[in-house]
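Take a look at the structure set out below.
Heavy-atom basis, side chains included; hydrogens, waters and symmetry copies ignored. So you know, we letter chains A, B, ... as the sequences are listed, proteins then strands, and number each from 1.
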Amino acid sequence: MLDIELIRKNPDFVKERLSTRDKSLVELVDEVLQLDAERRSLLKDLEGLRASRNAKSKEIGALKKRGEDTSLLEEEVKKLKEKIELYEEKLSFVEERLRDVMLRIPNLPHESVPVGEDETYNVEVRRWGKPKEFSFEPKPHWEIGERLGIFDFERAGKISGSRFVFLKGWGAKLERALINFMLDLHSRKGYKEIMPPHLVKPEVLVGTGQLPKFEEELYYCERDDLYLIPTAEVPLTNLFMKEILSEEELPIYMVSYTPCYRREAGSYGKDIKGIIRQHQFNKVELVKIVKPEDSYVELERLTADAEDVLKLLGLPYRVVLLCTGDMGFASAKTYDIEVWFPSQGKYREISSCSNCEDFQARRMNTRYRDSQGRLHFVHTLNGSGLAIGRTLAAILENYQQKDGSVVVPEPLREYLRTEVIAI
RNA sequence: GGAGGGGUGGCCGAGUGGUCGAAGGCGGGUGAUUUGAAAUCACCAGUGGGUUUACAGCCCACCGGGGGUUCGAAUCCCUCCCCCUCCGCCA
């Protein structure tokens, strides 16, 4: 959520920044300004009425103590009460609308973010590793995996539908090895390992920004009014929802492995083959809660920590700075890390590292008290470190051999106790 | 799932219809004392919102959430949520 005061005091700046994402957002700002003015005018009247009611009720109390007659005053307060109720109704209507509009406005892009309406305006900031030259035509990961008997898409379709998979044998083991490898790596670097709930309340998803705008992306359990998490970012970032942290507690670094559940509505036809886009996938997620002045340095470090996973696994990648039009709803600045897929001859997203500044903190109401005793919203960051399924796919493709076997990257060997996965 | 108990400020905890935004304690801040610290003493401090140049003053709201009774609710009623204890069930 944006700071209403910023919108009020500097509407043109807010409009300018938002329109770099999407021109139509300007209308929402105008709506906010109008509703906010309405709200304040109603509130002023209402508070005046309440003040006089309070004063008169107090007087009644005093008069009664002395045994005097109060029926006239009581009659007056009764009339005031009706008027108050009317104003309260009007006000809560306006406030509800204001809140709803506010919750649908995305974060302001940071000034260092390139302006552009789609991914063609993203800027590559660095590359690491050289794509391997194959002496044969590199196969897509699903062909490699099916031949090795480690993917079973058909039976997954039978029991769950499309975009699900059974990982079997070495596939399941490799997935598990990657989870452990990444958790171990990040916890050694000072991230605290967390196992969060996978089902969360609606307000939690409002906190991180998935609700109210992206409801159709989420799995929902109606009987219990709970949502399946689309990423560990949701429970981790919200861990300190509605809390006031002390300055010494910051920064907080967390790492978590969870499955992610996404309906992938509106992605029909995209990546139908393979395990790139699934309704359920595993991910190791990094979340940081920091002081505002540190958040941009922390974003660079977070991104570097995610990159380390690929470096250690020897997978070529590049880092892309997303443009304004391609960034997620809550983010002020995002780096995507894209890993090389030989069969596609392309880099594909495997991690997304974002600084949300105080956007989520406002929604969650997570603050900290500084040494002067003042309250500030924290800044929140998140990044995949990394998406497990896509890492597994990248390993299959980058480490495939002519005979269909796959070499196990060095750091995973101690977890898998094998150097090669063959039929 | 059943029975009972409970949710009050950063924390603990008193408060059962009218100067209660809320006693007291801890923790915090400022000052005094001290060479310094501890201890002691004095004083200051909730959060959000409105008004405003103002973190001054004034006003409004907030005692788990929502609704109700009343001239007036932290206090009474309804409802939901959460926590604790016991029983049942269960990986």
Those residues at least two apart in sequence (or on a different chain) that pass ring pair (Phe, Tyr, Trp, His ring centres under 6.0 Å) with A:His376 are A:Tyr368
Is it possible for you to check whether A:Lys90 lies under 6.0 Å from the centre of the six-membered ring of A:Phe93, through NZ or CZ, and within 45° of that ring's axis?
no
Pairwise 5' ranking along RNA chain B for A:Lys44 and A:Ala55, keeping only the more 5' one
A:Lys44
By nearest-heavy-atom nucleotide on RNA chain B, the more 5' of A:Glu5 and A:Ile244 is A:Ile244
[N] phosphate, OP1 or OP2: any side-chain N/O from [X] under 4.0 angstrom?
X        : N      : result
A:Arg367 : B:rG48 : yes
A:Arg8   : B:rG50 : yes
A:Asn54  : B:rC60 : yes
A:Arg53  : B:rG18 : no

Would you kindly give the [atom1]-to-[atom2] distance between [X] and [N], to the nearest whole Å?
X        : N      : atom1 : atom2 : value
A:Glu95  : B:rG50 : CD    : P     : 10 Å
A:Ile60  : B:rA73 : CD1   : C1'   : 15 Å
A:Leu49  : B:rG72 : CG    : P     : 14 Å
A:Glu243 : B:rG64 : CD    : P     : 18 Å
A:Glu247 : B:rG27 : CD    : P     : 21 Å
A:Lys58  : B:rU70 : NZ    : C1'   : 18 Å
A:Lys64  : B:rG17 : NZ    : P     : 15 Å
A:Arg50  : B:rA73 : CZ    : P     : 11 Å

Determine which nucleotide pairs with [N], using a 3.5 Å limit on both distances of a Watson-Crick or G-U wobble pair.
N      : value
B:rC89 : none
B:rG31 : B:rC41
B:rG4  : B:rC84
B:rG21 : none
B:rG48 : B:rC60

Mind checking [X] for me? I need base, sugar-phosphate or nothing, with any heavy atom below 4.0 Å counting as a touch.
X       : value
A:Leu43 : sugar-phosphate
A:Lys56 : nothing
A:Arg66 : nothing

Does the pair [X]/[Y] count as a salt bridge with the N-to-O cut at 4.0 Å?
X        : Y        : result
A:Asp100 : A:Arg104 : yes
A:Arg301 : A:Asp305 : no
A:Arg263 : A:Glu216 : no
A:Lys64  : A:Glu74  : yes
A:Glu88  : A:Arg50  : yes
A:Glu264 : A:Arg163 : no

Using the [atom1] atom in both, what is the distance from [N] to [M], to the nearest Å?
N      : M      : atom1 : answer
B:rC11 : B:rU47 : C1'   : 16 Å
B:rG66 : B:rU8  : P     : 16 Å
B:rA45 : B:rG31 : C1'   : 15 Å
B:rU16 : B:rG2  : C1'   : 29 Å
B:rA42 : B:rC26 : P     : 12 Å
B:rC81 : B:rG27 : P     : 39 Å
B:rG64 : B:rA14 : P     : 14 Å
B:rU34 : B:rU40 : C1'   : 11 Å

Hey, can you pull the residues of residues 74-83 of chain A with a non-hydrogen atom under 4.0 angstrom from RNA chain B?
A:Glu74, A:Val77, A:Lys78, A:Lys81
Tightest non-hydrogen contact, residues A:Ser295 and A:Asn355, listed as OG-ND2, 2.9 Å
